[in-house]
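Each chain gets a letter, A, B and so on, in the order its sequence line appears, and its residues count up from 1.
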Number of protein chains: 2
Amino acid sequence: MNLSLPSETIFHAIESTIKDYRKFAQKNISEKIKDMTIDQGMVLLFLNEHPELTQKEIAELVFKDNASMTRMINTMVEKKHLKRSINSKDRRRYIIEITDKGKDVLKTLPPIIHQNRNSSLKGITKNELNQLEIILNKIRTNCAKT
Amino acid sequence: MNLSLPSETIFHAIESTIKDYRKFAQKNISEKIKDMTIDQGMVLLFLNEHPELTQKEIAELVFKDNASMTRMINTMVEKKHLKRSINSKDRRRYIIEITDKGKDVLKTLPPIIHQNRNSSLKGITKNELNQLEIILNKIRTNCAKT
DNA sequence: TACATATAATTGATATATCAATTATATTTG
DNA sequence: CAAATATAATTGATATATCAATTATATGTA
């Protein structure tokens, strides 16, 4: 069986790219904000735009499962970026609020993220980005077909 | 600050794609092989092609850090897929050998991986794959620049 | 040679990933 | 309405991710 090495596949390139970007982005965030991971930042951004999101919905948006999201939000509540309170309209859910400390992060974070995206996409044309997205979507569709 | 939602960025698409592929691939592996993750399978493949690899080198190839690799190999040794022995030429390293049980996995695994790659890349042209790789490399280069 | 430095691997601490099972509450349906 | 089913969140168990500190061994250099 002459299987080419995993390192030669496109999946290697995809995975390596996202990991490099994550490291790059995390480094730039950590320089400015203490105790804030990319994913925690994403949770803040999503909640800021859509305060009514449930944990389950946030989890889907940031590609985590419910269990991970429960624990992530626990940590963020301990760190005082978020506050959980009972949702009397549906007592299975929580209302998740961004605290003042969380709002401070939201002042600092967006420009860093912008900067991260801009620098990591420098020299790449709109057309290339479209291409990229189209191809990635093809792969995703293929993987979804049971 | 009108930051577009994270879900609208290309990084969302990249991350989502690799996660979908991983789930898809893991599912197909699990159907045929017990107790074998994609990454453990990759370790077997790499070691099979390059038996002299150190843990550190394997770690780089599969994008893990040394600590994770130590623990991954611990697990694989416990599960009897691998065997560690002392490398008398450099006593800081180990010689890592694939056991018979590991070799059995290597008989079953490659066709599954081939199949996974083929089905997930169906309908995508060579040219598109090249494009994809070029663009991803640009991003990686940008992220590497300090 | 002796000491400083480098390297490979491990360990500890904490966070996250994942699956399965469980709890509490809502909703649907007979 | 009552029972069955569905949903949101949690918990437990185990693996992996990540960083910093540590151990053991090699290598470079005065």
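Taking atom NZ on B/Lys34 and atom P on D/dA15, their separation rounds to 16 Å, with Å as the unit. Separating the CD atom of A/Gln26 from the P atom of D/dT18 is a distance of 10 Å, rounded to the nearest angstrom. When the P atom of D/dA21 is taken as reference, atom CG of B/Asp65 falls 15 Å away, rounded to whole Å. Between B/Ile29 atom CD1 and C/dC19 atom C1' the separation is 17 Å, expressed in whole Å. Note: CG (A/Asp39) to P (D/dA17) measures 14 Å, nearest angstrom. A/Arg22 places its CZ atom 18 Å from the P atom of D/dT16, with the value rounded to the nearest Å. The CE-P distance, from B/Met72 to D/dA17, rounds to 7 Å in whole Å. One can place CD1 of A/Ile58 at 12 Å from C1' of D/dA8, the figure rounded to the nearest angstrom.
The pair B/Arg22-B/Asp39 counts as a salt bridge, with a side-chain nitrogen and a carboxylate oxygen less than 4.0 angstrom apart.
Comparing A/Lys19 and B/Asn87 by the nucleotide of DNA chain D whose heavy atom lies nearest to each, the residue mapping closer to the 5' end is A/Lys19. The nearest heavy atom of DNA chain C to A/Glu78 and to A/Asp90 marks one nucleotide each, and the one closer to the 5' end goes with A/Glu78.
Judged as a side chain to side chain contact (heavy atoms under 4.5 Å, CB included), and not counting sequence neighbours, the contacts of B/Thr125 are B/Asn127, B/Glu128. Here A/Lys79 pairs with A/Asp35 under the salt bridge (charged side-chain N to carboxylate O under 4.0 Å, His left out) rule; sequence neighbours left out. For the salt bridge (charged side-chain N to carboxylate O under 4.0 Å, His left out) test, residues two or more places apart in sequence or in another chain that qualify with B/Asp104 are B/Lys107. By the side chain to side chain contact (heavy atoms under 4.5 Å, CB included) test, A/Asn130 pairs with no residue at all, sequence neighbours left out. Scored by the salt bridge (charged side-chain N to carboxylate O under 4.0 Å, His left out) test, A/Glu97 finds A/Lys83 as partners (sequence neighbours excluded).
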Enumerate all atom pairs, one protein N or O and one N or O from nucleotides 9-14 of chain D, separated by less than 3.5 Å.
residue	atom	partner	partner atom	Å
D/dA9	OP1	A/Gln55	N	3.4
D/dA9	OP2	A/Gln55	N	3.2
D/dA9	OP2	A/Lys56	N	2.8
D/dT10	OP1	A/Tyr94	OH	3.4
D/dT10	OP2	A/Gln55	OE1	3.3
D/dT10	OP2	A/Gln55	NE2	2.7
D/dT10	OP2	A/Thr70	OG1	2.8
D/dT10	OP2	A/Arg84	NH2	3.4
D/dG12	N7	A/Arg71	NH2	2.6
D/dG12	O6	A/Arg71	NH1	3.3
D/dG12	O6	A/Arg71	NH2	3.4
D/dA13	N6	A/Arg71	NH1	3.3

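Contact annotation: B/Thr37 side-chain N/O to D/dA15 OP1/OP2 distance is not under 4.0 Å. Side-chain nitrogen and oxygen atoms of A/Gln40 include at least one within less than 4.0 Å of the OP1 or OP2 phosphate oxygen of C/dT16.
Ring geometry for A/His12 against B/Phe63 counts as tilted: the plane angle lies between 30° and 60°, on a 0 to 90° scale.
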